[in-house]
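Just follow the structure's listing: the first ligand is 1, and inside any ligand the first atom is 1. Remember, it's a predicted structure, so these values are computed and weren't measured experimentally.
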Amino acid sequence: MTSALAYAEANFDKFVAQLEDLLRIPSISTDPKYAPDVRRAAEWVVADLLDAGIKHAELCETDGHPIVYAEHIVSSDLPTVLVYGHYDVQPPDPIDLWDSPPFEPVIRNGDLYARGSCDDKGQVFMHLKSLESYLQTGTELPCNIKMLIEGEEESGSVNLVPFINANKERLSADVAVISDTAMFAEGVPSITTGLRGMAYVQVELTGPNRDLHSGVYGGAIENPINALARLISKLHDKDHHITVPGFYDGAQLMTEAELVEYKKLPFDETAFLKSVDVASARTDGGISIHQAITAHPTLDVNGIWGGYQGAGAKTVLPSIAGAKISMRLVPGQDPDAIVDKLRDWFVSNTPPTMKLKFENLHGGKPVLVDTDQPAMQAAADAMEQVTGKKPLFSREGGSIPVVADFKDLLGLDTVLMGFGLNSDAIHSPNEKFGLDRFRMGIGTIIRFLDLYASRNRN
Ligand code: BES
Ligand code: ZN
C-alpha cells in the first residue's frame, strides 16, 4: 500500500491531465446528438483501464449507451469489491452562465471546472487511479476488483437493470463502492447512509385544437397554461404538504429518536440559505432544512412550457401546456405506485375543458445502507487516516438508483464514499471538483481497499 500511495502522489499531475482529457468529451447521455461522444468516453475509459494494467476491460453494448465492465481478479481467497460509477454527464445548459466552456476544463484556485468534473467523471476516476497506483508499482492488489461504469445514469439508467440481470455471476462481489455523492461540508468527511428515490413524469394538457387569438376566444375557451398552473398549485397545501392522496402512505419518515441523532449533525441552515441567496426555507410542515433535503419526500416541477416565449408580446391562447414533474422518495415509497397515485390525481382533477396526456419517464428506488456492514468501518477508518477526522454519517437527498438494484438483484450492500461538495454545482453551470478532494479521494480509496481486504479475507 505504501508504494501505491507514493505512486499516486508522484503521478498526481498526470492524473489531473488525464482527467482533463476525459472531461473534454461531451458525453451527454440524454441528448441523442451526443451518442458518438458518449461512446468515445466509454472507449476512453476502457483504454485508460488497460493502460493502468487491469487484466480485463471491455465495452459492453446495450440497447442504449455502452457499459464499461472491467475486472482484476487476484485470488478467490480475497474479497471482491465492485466499483460503480458513471461516465455520462448532464447537459451543460444554460451555457451562457458558464465562466469558461463546460468541455474545456480549467483549474482556478485549486478547483477543476468542467461538466462532469465532480459528477461523476472526477469521482469515478479516483477509483481508476487508485487501481493504477497498485498495479503500476507491482504491489499486489489487496482484493479483487470489478468495475461497472455506465453511460446512462443521468438519463435514468434504463438499460442497467437488464445488464445486471444478464451478468449476475460476473458481477458477484462482497461489497459495492460508489463515489458519486457529497461530503457533509467542506473539511467534514462523511459517509452517506441513505439516498432518496425518484419518480419522474411528464404531463401535457391540450385545450383547443390550435393556438387561438386570445381576443377572439379568450374568456370562453379555457387556456391550458391557466389550467395547468391551477393544477400544479393544488399539489401542495399551505403548509407545503403534498396533497396527492396516499402520497405519504408507507413512507418511513424520520422517527423522533432518529431526529434527535440527526439534529446533532452540524448542519448550518444560515450558510445553506446564503449559498443560494434565498431569504428563508419552505419545508413540509416546517421541518428542519437538513431533514427536508435528505430524508423527506418532495414533489417539484422541473420544467414547464406552453404559449409564446419569444421577445415582446403575443396575444395567444395556446393549444398545449406541459410540465415535467419529479418526486424524491424515501424508503417505503415505491416509484411505480407513486406514479399511479399522481396519475389518478391528474385524471380526477383535470377539468373537462382539457385532454390529459400523462407519461412515466423513469424512476429509482430509495435506499438506506447497512451501516454495520464490514466495509463501512474500513471506509470510515480510511477516511480518518487521510483527513485526521472521523467521518460523519448522514443521508443525502440525491438519487443513485443502482444502490437499491445491487441489493435487490445481487444481494450487495454499498458503501457511498463521496468527495463532492454541494457547492460543486453538479447539474449547474460552473461545475467543479476541488483537486484537494480528488487527491483525498485517491488516498482514501487506496487505504480502503487495503483495510477492507486485510479484515475480510475469505
Ligand atoms: N451524483 C448524483 C446523485 C447525488 C447527487 C447523490 C447529490 C447525492 C447527492 C447522480 O449523478 C444524479 O444526479 N442522479 C440523478 C438520478 C436520477 C436521474 C434518477 C438525480 O439524483 O437526479
Ligand atoms: Zn452522478
field: atom 16 (C) of ligand 1 - nearest protein heavy atom and its distance
entry: S399 O, 3.4 Å

message: So that I can tick it off, tell me whether E58 and R170 are bridged by a salt bridge, with the cut-off set at under 4.0 angstrom between side-chain N and carboxylate O.
response: yes

message: I need the atoms of ligand 1 closer than 4.0 Å to a non-hydrogen atom of H86, numbered in the order shown.
response: 11 (O)

field: SB check E61 R39 (cutoff 4.0 Å)
entry: yes

- prompt: Excluding waters, how many protein N/O/S atoms sit closer than 2.8 Å to the Zn ion (ligand 2)?
  reply: 4

message: Would you say the rings of H241 and Y248 are close, in the sense that their centroids are separated by under 6.0 Å?
response: yes

- prompt: Any nitrogen or oxygen of E154, main chain or side chain, under 3.5 Å from a nitrogen or oxygen of ligand 1?
  reply: yes

message: Out of all atoms in ligand 1, which are within 4.0 Å of some heavy atom of R328? Include the element for each.
response: 20 (C), 21 (O), 22 (O)

query: Hey, are R455 and D381 close enough for a salt bridge, meaning a charged N less than 4.0 Å from a carboxylate O?
result: yes

- prompt: Among the heavy atoms of D119, does any lie under 4.0 Å from an atom of ligand 1?
  reply: yes

task: Check whether any heavy atom of R196 sits under 4.0 Å from an atom of ligand 1.
output: no

- request: Examine E396 against ligand 1 and note whether any of their N/O atoms are separated by less than 3.5 Å.
  value: no

- prompt: Would F438 and F12 count as a close aromatic pair, with their ring centres under 6.0 Å?
  reply: yes

query: Is it true that I426 lies under 4.0 Å from ligand 1, counting heavy atoms only?
result: yes

task: Before accepting this row, confirm whether a basic side-chain N of the pair D340/R343 lies closer than 4.0 Å to the acidic partner's carboxylate O.
output: yes

query: Charged N to carboxylate O under 4.0 angstrom, D408 versus K365?
result: yes

Protein contact of atom 4 (C) of ligand 1 - nearest heavy atom, named by residue and atom, plus distance: D180 O, 3.8 Å

query: Could D21 and R24 be called an ion pair, given the rule that one side-chain N must be under 4.0 Å from one carboxylate O?
result: yes

- prompt: Quick one: do K129 and E132 make a salt bridge, cutoff under 4.0 Å?
  reply: yes

query: Can you tell me which residue and heavy atom of the protein come closest to atom 10 (C) of ligand 1, and the distance to 0.1 Å?
result: E153 OE2, 3.2 Å

message: Test side-chain hydrogen bond (donor to acceptor under 3.5 Å, both in side chains) on R196 and T298; report intermediate values, then the result.
response: CA-CA 10 Å; R196 290 191 286 193; T298 65; 4.6 Å; no

query: What atoms of ligand 1 come closer than 4.0 angstrom to any heavy atom of H362?
result: 18 (C), 19 (C)

message: Less than 4.0 angstrom from a charged side-chain N to a carboxylate O is my criterion; do R439 and D436 meet it?
response: no

- prompt: Is it the side chain (CB and beyond), the backbone, both or neither of Q90 that lies under 4.0 Å from ligand 1, heavy atoms counted?
  reply: neither

- line: Under 4.0 Å from one or more heavy atoms of M198, ligand 1 contributes atoms 19 (C)

message: With a 4.0 Å cut-off on N to O distance, would you call D413 and K407 a salt bridge?
response: yes

